[in-house]
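Read through the structure below, which is laid out as structure tokens, and then see the notes.
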Amino acid sequence: MQIKRNVLLNPGPATTTDTVKMAQIVPDICPREKEFVSMMKQMRKDLVRIVHGDLNKYTSVLFCGSGTITMDVCINSLLPKGKKILIINNGTYSMRAVEICEYYNLPFVNFDCPIDEIPDLNQVEQILKENQDIALVYTTHNETGTGILNPIKEIGFLVHKYSAVFIVDTISTYAMKPIDIEKDNIDFCMASGQKELMAMTGLSFVIGNTELIKKSAAYPKRSYYCNLYM
Ligand SMILES: *Cc1c(COP(=O)(O)O)cnc(C)c1O
């Protein structure tokens with residue numbers, strides 16, 4: 001089969017090769033059968049390995065949807081009752097996270113930073129110190145629109161110093177920039193098949209700390225289908 005190769009002048013979805021397209025032409029498979037389960041298991045492990053995660057501590061969860069679905073899932077699933085989320089916001093994608101908080105009526109702090117600068121870490125620490133009820137901190141690794149690369153390791157260090165959980169949108173860096181989930185102080189990160197993996201659009205995934213996912217079973221359920229623990 002000859003497939004015309006288009007040049008897409010957008011940051012994502014990436015264009016796919018003929019081999020990627022053709023790899024999908026397979027016999028039908030039943031999602032309740034062993035073959036499907038073993039394929040999923042392998043894929044979930046491989047996704048953790050890309051960010052050098054220890055499979056005894058980290059796991060991945062797949063969702064059908066574009067990258068935004070995993071932002072929605074992480075934010076709505078990982079906030080304990082009565083606690084706040086801090087969004088370190090220096091671009092459009094972090095702004096999207098703020099909007100997700102608004103839609104779910106979550107208590108949040110929006111640390112609004114200039115879009116052409118990295119966030120001031122002293123200010124981040126000040127906010128964490130003054131708001132002891134912040135349980136979750138969210139930021140974007142690479143703000144795709146501007147190319148600003150945020151210092152996630154340093155931010156994550158502060159997040160953990162104040163005993164909060166760190167979520168990083170790595171959708172435009174996963175499999176592109178080296179990431180070590182543990183050394184980079186990340187508890188949850190996410191990505192989508194359609195970006196750096198150059199796979200087909202429609203499958204996205206969260207990679208995160210297995211113990212924290214289990215713990216989140218007791219947190220308020222704000223969505224039925226888009227809940228990380230479920
Ligand atoms: C592409 C991207 C997303 C997800 O966008 P979708 O349009 O849902 O695929 C989220 N965050 C960043 C940083 C991105 O580059």
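Excluded from the calculations below are hydrogen atoms, water molecules and symmetry mates; all remaining heavy atoms, backbone and side chain alike, are included. Order of listing sets the numbers, starting from 1, for every ligand and every atom in it. Note that the structure is predicted; figures quoted are calculated from it, not measured.
For atom 8 (O) of ligand 1, the nearest non-hydrogen atom from the set Thr68, Asp169, Asn142 belongs to Thr68. Considering Gln194, Met190, Arg96 only, the shortest heavy-atom separation from atom 5 (O) of ligand 1 involves Arg96.
Between Glu125 and Lys161 there is a salt bridge, with a side-chain nitrogen of the basic residue lying less than 4.0 Å from a carboxylate oxygen of the acidic one. Remark: Glu211 engages Lys214 in a salt bridge, criterion side-chain N to carboxylate O under 4.0 Å. Lys84 and Asp133 are joined by a salt bridge, as a carboxylate oxygen and a charged side-chain nitrogen come within less than 4.0 angstrom of each other.
Protein heavy atom closest to atom 2 (C) of ligand 1, with residue, atom name and distance, is Lys195 NZ, 2.5 Å. Protein heavy atom at the shortest distance from atom 3 (C) of ligand 1 is Tyr93 CE2, 3.4 Å.
Side chain to side chain, Lys4 and Asn6 meet the donor-acceptor criterion of an N or O pair below 3.5 Å.
At a threshold of 4.5 Å between non-hydrogen side-chain atoms, the residues Ile75 and Tyr138 count as touching.
Nearest heavy atom pair, residue Ser192 against residue Gly67, reads OG-N, 3.6 Å.
Taking every non-hydrogen atom of Thr144 and a distance limit under 4.0 Å, the qualifying atoms of ligand 1 come out as 12 (C), 13 (C), 14 (C), 15 (O). Of all atoms in ligand 1, numbered sequentially from 1 with element shown, those under 4.0 Å from a heavy atom of Thr140 are 13 (C). Proximity to Ser172 (heavy-atom distance under 4.0 Å) selects the following atoms of ligand 1: 13 (C), 15 (O).
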